[in-house]
Amino acid sequence: MVKKRENQDFVLSLLQERKGDAMYDGGKIIPGLVIFVGLMTYPIWSGNAGTTPKPVKPTGHEKCVKHKEFMRTSHMVLLNEWRDEVVRDGNREQIHIGDKVYDKSLQNGCMHCHTSKKKFCDECHNYTAVKPYCWECHIQPKETI
Amino acid sequence: MKVLYPFVAVVALVLIAFIGASLPGGQYLFGVVFPILAFAIFLVGFINRIMNWGKSPVPFRIPTTCGQANSLPWIKQNKFDCPSTGFGVIVRMFLEIVLFRSLFRNTKAEMLDGPKIVYGATKWLWLFSLLFHYCFFVIVVRHLRFFTDPIPGFVQALEFGDGLLQVGTPVLYQSDVVFVIAILFLFLRRILLRQVNYISLPADYFPLFLILGIAITGILMRYFIRVDVVVIKELTAGLASFSPKVGDINPLFYAHLFLVSTLLVYFPFSKLMHLGGIFLSPTRNLANNSRMVRHENPWNNPNIKPHSYASYEDEFREFMAGADLPLDKPLEPAPEEKEEKAE
C-alpha cells in the first residue's frame, strides 16, 4: 500500500515537472474566462441596489383585515381565497374588523383604502418583478392623482 | 455511511445557519460576510482551476472517435462525432454542452440466459440530467431578479414562461417541480442501481443533498412559509452593490443562503467543476487530424533532434552489416577492397 502511494507520488511529481508556467491555448481559455467572470459578476456591474419601495399608506384607516406581517408575505393567498369564495361560491360575506366593515373585494375592499395601484401595489411588485394577473379580469383603476 | 455522512453534513449546515442567524451579529455574518467571501472564493478558485488545466500540456491528440474518421474520399466521414476541422469541433462541443450528446449514447449491458450479453439504449440518465441542468440554469437566471435593479427583460420573460400555467399564488414555477423530481431521480439512481451504487462516493452524494437542500429551502420560502421578498431583495441587491442592508428576515432565508454559499465554496474544489471542465476536455475539443497535421509534444526536449531510420542506418550501417541485419541501403564495399578487385 505504501509502495503504491510512493509510486503515485513519483508519477505526480513527474507530471508537475512537465507543467511549466506556459499556458496552452491561452488565446481561447483567457477570453473564455473573461466572458465567464463577466457573466458571473453581471449584477455587480449592471446596475445599482435600486431604491427601497415605499408604498403609500392609506390615510384615515388604521387597521387592515390582517396584521402587517401577514399582509407583507401572504396577501396574495388571502386574495386568492377571496376570489375563490366570491367568484366560485358566491360568498360575499363582509369582513368585520373591530367596528369596521370591509367588502370581500379587491376593488371595493382593498382599494377602498389603498386607492392607488401605482403608488401601492406597483411599488413592491416592480421592485421584485412580480406580475400578478389581477388586471387580466379586473379593469385597472384610473389613477386619479 | 457514504450516503449518511453527506446527508448529516447538509443537515448540520442548515442547523448552523438557523442557530448562527439567531445570534447577535449572526445575521450580518450569514447574510453579508459569508456570501461575499464565498463568491470571492468561487471566482478565484474557478479561475485558478481553469488556469491550472490550461497549463497542463496535452502531449497527444486524444479525441474520442464516435464515428467514422476522415479517411479516403469515398468513405463518408462522420463530421461531428469524429471532427477533423475546427468547425466540426465547435459543432461537436455545442451538441455536447447544450444537448449532452455523449450521455445520449449511454447504453446498458444486460446478461440474459444463454449466457448472452445484450446492450440496450438507456436514455433516462440523459433525460433527467438534461432536465436537472436546464432547470438549475433557469432557476439561477430567475434569481437575477434579486440582484439587479432594474430587472432585465429576459429575466422577466423567463419568469413569465416558467409560471405560464398560473397555478396558485404565488404562481408555481414548473422548473421548481421538475428540478426536485430530477434531483430525486439522480439520487435514487445512485442508491438503486447496484453498479452505480458501488462506485458512488460521498463526493457524489454531498452535492446532490446540498442542491436538494437549496431547492427545498427555496420552495418552502416561496410557496409554504412565505417570506418577505422586499426585505430580502434589499439585502441581496445590496450585496451586488456592496451596500447591503440587513433587515428582519426569516431564518429559513439564512439557511438557503448558507447552503448556496457552501455550494459556491465547494464548487471549484469538486466534481462540480465540470462546468468549466467540459470546455477543456481534450477527448472532445481536439480535432481528429493527427494524420494531416504534425503535432509536437510540448514537453519534448529541444536538444534531442529527430532521428529518422534512414539516418540511423547511415550511422550504424557497418555494425548492422557486421551483425547480418537487413539493410534498406546495402553497405558499399570499402574503397580498399575495390582497388584490390580492380587489380
Side-chain angles (χ1 to χ4, degrees), chain A residues 14-30 32-37 39-55 68-84 123-134 136, chain B residues 39 42-43 46-47 50-59 142-152 155-156 159-160 163 166 168-171 221 223 225-245 247-248 250 275-276 279-280 285 297-299:
Chain A
L14 272 186
L15 284 175
Q16 281 303 320
E17 261 174 46
R18 302 287 187 214
K19 192 175 281 185
D21 281 329
M23 219 176 143
Y24 302 92
D25 288 321
K28 290 169 196 155
I29 295 175
I30 302 280
L33 273 179
V34 170
I35 292 170
F36 173 75
V37 172
L39 287 177
M40 293 315 285
T41 53
Y42 172 75
I44 297 175
W45 54 258
S46 71
N48 50 43
T51 43
T52 308
K54 286 193 179 59
K68 188 176 136 199
E69 283 68 34
F70 177 88
M71 291 313 279
R72 284 187 78 118
T73 62
S74 310
H75 58 276
M76 62 301 234
V77 177
L78 186 72
L79 283 170
N80 225 26
E81 277 171 18
W82 282 9
R83 182 203 60 188
D84 289 355
E123 275 284 314
C124 296
H125 287 165
N126 288 345
Y127 183 63
T128 52
V130 177
K131 289 212 178 68
Y133 50 93
C134 311
E136 287 174 16
Chain B
F39 189 65
F42 169 71
L43 275 190
F46 195 99
I47 293 170
I50 295 284
M51 295 299 277
N52 184 35
W53 282 335
K55 284 173 187 167
S56 309
V58 179
R142 255 186 11 221
H143 274 72
L144 278 179
R145 80 183 172 111
F146 293 115
F147 296 96
T148 51
D149 198 274
I151 298 159
V155 176
Q156 304 200 25
E159 212 172 309
F160 174 76
Q166 293 193 338
T169 42
V171 172
M221 275 197 291
Y223 306 104
I225 310 164
R226 283 166 300 279
V227 293
D228 188 350
V229 265
V230 172
V231 189
I232 287 175
K233 185 166 178 180
E234 272 176 26
L235 171 65
T236 51
L239 282 176
S241 58
F242 300 108
S243 55
K245 260 194 283 178
D248 182 24
N250 193 308
L275 169 61
F279 291 93
L280 300 188
N285 67 13
N297 183 342
W299 73 54

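First the proteins, then the strands, lettered A, B, ... as listed; each starts at 1. What you see below is based on every heavy atom in this structure, not just the backbone, and it leaves out hydrogens, waters and symmetry mates.
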Region of S46(A) in contact with chain B, defined by heavy-atom distances below 4.5 Å: side chain
Among the listed options M76(A), K131(A), M40(A), the residue most often paired with chain B at heavy-atom distances under 4.5 Å: M76(A)
Region of L280(B) in contact with chain A, defined by heavy-atom distances below 4.5 Å: side chain
Side chain to side chain donor-acceptor pair (under 3.5 Å) involving T41(A) - partner list, sequence neighbours excluded: W45(A)
Heavy-atom side-chain contact between T148(B) and Y42(A) under 4.5 Å: yes
Residue F39(B) versus chain A: region with a heavy atom under 4.5 Å: side chain
Region of L144(B) in contact with chain A, defined by heavy-atom distances below 4.5 Å: side chain
Interatomic spacing from CD1 in I44(A) to CG in L239(B) - rounded to 0.5 Å: 9.5 Å
Selection from F46(B), F147(B), F146(B), F242(B) maximising heavy-atom pairs under 4.5 Å formed with chain A: F46(B)
Atom pair CG (D25(A)) and CZ (F279(B)), whose distance is rounded to the nearest 0.5 Å: 14.5 Å
R145(B) vs V130(A) side-chain heavy atoms within contact, under 4.5 Å: yes
Between L275(B), I151(B), D248(B), the one whose heavy-atom pairs under 4.5 Å with chain A are most numerous: I151(B)
Pairwise distance OG1(T51(A)) to CD(E234(B)) - rounded to 0.5 angstrom: 10.0 Å
D84(A): side chain to side chain donor-acceptor pair (under 3.5 Å) partners, not counting sequence neighbours: R88(A)
Reported CD-to-OH distance for the pair Q166(B) and Y133(A), which is rounded to 0.5 angstrom: 5.0 Å
Interface moiety of V227(B) toward chain A, non-hydrogen atoms closer than 4.5 Å: backbone
Gap between atom CE of M221(B) and atom OG1 of T73(A) - 0.5 Å precision: 13.0 Å
From CA spacing to verdict: side-chain contact (heavy atoms from CB on, under 4.5 Å), F36(A), I47(B): CA-CA 9 Å; F36(A) 173 75; I47(B) 293 170; 5.6 Å; no
Heavy-atom proximity to chain A below 4.5 Å, by part of V171(B): side chain
Validation row: T169(B), L79(A) side chains within 4.5 angstrom (heavy atoms): no
I30(A) side, atom CD1; M51(B) side, atom CE - distance, nearest 0.5 Å: 4.0 Å
Minimum side-chain heavy-atom gap Y127(A)-V229(B) below 4.5 Å: no
Side chain / backbone / both / neither for E136(A) at chain B, heavy atoms under 4.5 Å: side chain
